[in-house]
Amino acid sequence: MKAVAMLTPLARCGVAAAVLSLTLCIPSPHAHATATAPGPDAAGAAARSAASAVRTAAADAGAELVARRAAKAAGALAFRACPAVEELPAPVRCATLRVPLDYARPDGPRISLTVSRVPATRHGGAARQGALVYNPGGPGASGMFFPLVSGLPEWERIGAAYDLVGYAPRGVGRSAPLSCEDPAGRTKGPTQVPVEPSAAYKQRRVAEARAYARGCAERAGAALPYYTTLDNVRDLHVLRAALGEEKLSFLGASYGTYLGAVYATLHPGHVRRMVLDSAVDPDPRRIWYVNNLDQAPGFERRWYDFRAWAARHHAAYRLGATPEAVQASYERVREAVARTPAGGAVGTGELQAAFLQAAYYDDVWPERAAALSAFLAGDPGPLAEQARPDPESAAARENARAVYTAVLCNDAAWPAQWETWDRDNTELARRAPFETWANAFLNLPCAYWPVGERQQPVAVGGRPGTSGARPAALPRTLVVAAERDGATPYPGALELQRRLGAEAALVTEEGAGSHGVVGGRNDCVDRHVERYLLTGDTSGWRVTCAPHPEPAPVSLDDRAARGPGKVPRALLPPVV
């Protein structure tokens, strides 16, 4: 999930965001009604809860009705050449799926979701196995690019058997796009962010969070409550039916793992194959505030891993022969851009965002280390080039941030008092300073969210009348995780496997931490995924793969030079 860098191999975190979470009471297994803040009138609260449950049941029934209609409607998805704005060449084809804004009113106002597809090639006489739908996470990321992987050697066998299907979830891209502010009105870089925020700086960020939440309400209007994980699940249910599939084959990364797990919980009879890459911890008590706090130590570990790698390549970068010495080099750069922004556009805020990507993906390590080295040698150009925000992508970044914020704020209750955030993050920053405050301020609009009722997180793996039992009839699923992932820490993968039950298998990339494992980074992992998707079989309940090779250093004389076999051949766009 996000933190300030929305991307992963099959998906990559790029808009400042993180896996969020909140300590809530564990709901009853099927209780995904909205939760209201406790009030003095217990009877009134009970009445509101009952009304909320009725609305949720109505929305679920509406989704079933719309899915049945989509399954019966010939041409529910009319694929044709993609619009130029999608930048998707043939053989990718695009379609539009109409779904209700509010599933409790299935015949009410509708929104359009964009969908992309490359049909199964059937190369080598492969039998078609249906459609494989991909979600790269975020929330706020688009999977429209996904069918392009059909042309990559690593995907040949999967692409021969499956239609590869991507889509932009509600709010994303051209799918009823959401924004909370005018990107042109945002403060332009450089931005300067203190290492230790003062009381005055914190209050400024509180004011900005309040304003952002108000902007979401003003721009989205009555639609704002309908950007939720549950509505994303309902959309996925309708998409499955519109594709003509009785059962869903799904590949989800980062937040996409939570989306897939909730789908499996609510629609176990409609799951065929499910790969969940870089798993969000689905414990309802952690959705989303606590998961967000959990990222800080994870990113601290990965920041150490980058510094240790740079230290091992001191001969190439001259940043220091120990992680501590590399940290000192980074601090010198930070102090310099605080005084004089690199390229006139990169201050400490842009520097932090650029190096957060090093905590997500190790494939950026060589260029980031080279940029630091060049800066200290008197050349700020590489750092300015890598860290300067692209003005042309400002609208897309704001769209991704808005959807991310809306879904996570709507999904669960959050602490409403700044004092709680301040206490928790002040303590956390003492041991994990690298990303704690940036992550906290990113998610702070949820404290002031202008939606009266929040969703109550689904108890993944549960069903009515049980207490956390696995869903009935859920077939074998496959969870994939990197042991040192900072964005979705490894304990989340263990919790997800536990909740999905004995038929859930886990593949762990040991000693590695890049976010998003599937799709070209690790041949061992990809073999397990391909075997599962093509046959339904796994190699065991828990298996491990050696880490993918670390990136080779890039010399300052030839920044494009990379050692043979040191870089993944065909990474998917990063996971968010």
Side-chain angles (χ1 to χ4, degrees), residues 2 15-17 20 32-37 48 51-52 54-56 58-60 62-63 66 85 96-114 138-142 167-186 206-236 238 255 259 288 394-414 416 442-456:
K2 304 175 185 178
V15 160
L20 327 177
H32 51 281
T34 56
T36 57
R48 288 191 295 273
S52 180
V54 170
R55 286 193 295 274
T56 299
D60 288 345
V66 176
V85 68
T96 298
L97 177 67
R98 299 279 289 169
V99 298
L101 172 66
D102 174 6
Y103 277 94
R105 296 190 294 158
D107 295 313
R110 295 195 159 229
I111 59 176
S112 296
L113 308 183
T114 58
S142 172
Y167 72 109
R170 60 171 56 201
V172 178
R174 295 188 304 115
S175 295
L178 177 67
S179 68
C180 295
E181 65 182 8
D182 182 356
R186 278 188 69 81
V206 166
E208 291 175 356
R210 289 181 183 273
Y212 193 80
R214 284 196 304 270
C216 294
E218 291 166 0
R219 286 173 164 259
L224 189 60
Y226 302 106
Y227 296 93
T228 70
T229 292
L230 284 171
D231 285 308
N232 285 334
V233 165
R234 293 167 186 138
D235 291 343
L236 186 59
V238 175
Y255 167 78
L259 175 64
W288 287 108
R397 291 197 304 272
E398 161 52 21
N399 172 231
R401 181 191 177 193
V403 176
Y404 168 85
T405 303
V407 172
L408 271 63
C409 295
N410 282 331
D411 261 8
W414 289 72
L442 170 70
N443 298 295
L444 189 55
C446 292
Y448 313 109
W449 196 239
V451 172
E453 293 179 317
R454 314 289 183 97
Q455 300 291 328
Q456 191 175 33

> Minimum heavy-atom separation for Pro445 to Tyr212, with atom names?
Replying inline: CG-CD2, 4.0 Å
> Do side-chain atoms of Arg454 reach the backbone of Cys409 as a donor and acceptor pair under 3.5 angstrom?
Replying inline: yes
> Quick one: CG on Leu442 to CG on Leu408, what's the gap to the nearest 0.5 Å?
Replying inline: 9.5 Å
Please report, to 0.1 Å, the donor-acceptor pairs under 3.5 Å made by any side chain of residues 213-227, with sequence neighbours excluded.
unit_1	atom_1	unit_2	atom_2	d
Arg219	NH1	Ser179	OG	3.0
Tyr226	OH	Asp102	OD2	3.3
Tyr227	OH	Ala176	O	3.4

> Just wondering, do Leu444 and Arg210 contact through their side chains at under 4.5 Å, heavy atoms?
Replying inline: no
> Looking at Ser112 and Arg98, what are the two nearest heavy atoms and their distance?
Replying inline: OG-NH1, 2.8 Å
>> Using every non-hydrogen atom in the two residues, find where Trp414 and Ala412 come nearest and quote the distance to one decimal.
In response: CD1-O, 3.1 Å
> Going by atom types only, do Thr229 and Asp411 share a side-chain donor-acceptor pair under 3.5 Å?
Replying inline: yes
>> I need the Glu453 CD to Thr56 OG1 distance, nearest 0.5 Å.
In response: 9.0 Å
> What is the distance from atom OG1 of Thr96 to atom CD1 of Ile111, rounded to the nearest 0.5 Å?
Replying inline: 12.0 Å
> Which heavy-atom pair separates Ala168 from Ser175 by the least distance, and what is that distance?
Replying inline: O-OG, 2.7 Å
>> Could you check whether any side-chain N or O of Arg170 sits under 3.5 Å from a backbone N or O of Leu101, counting only pairs where one atom can act as donor and the other as acceptor?
In response: yes
> How far does CG of Asp235 sit from CG of Leu230, to the nearest 0.5 angstrom?
Replying inline: 11.0 Å
> Minimum heavy-atom separation for Ala63 to Val238, with atom names?
Replying inline: O-CG2, 4.1 Å
> Which atom pair, heavy atoms only, marks the closest approach of Pro100 to Val66?
Replying inline: CG-CG2, 3.7 Å
> Taking atom OG1 of Thr405 and atom CD of Glu398, what is their separation to the nearest 0.5 Å?
Replying inline: 8.0 Å
> What distance do Leu97 atom CG and Thr114 atom OG1 have between them, rounded to the nearest 0.5 Å?
Replying inline: 10.0 Å
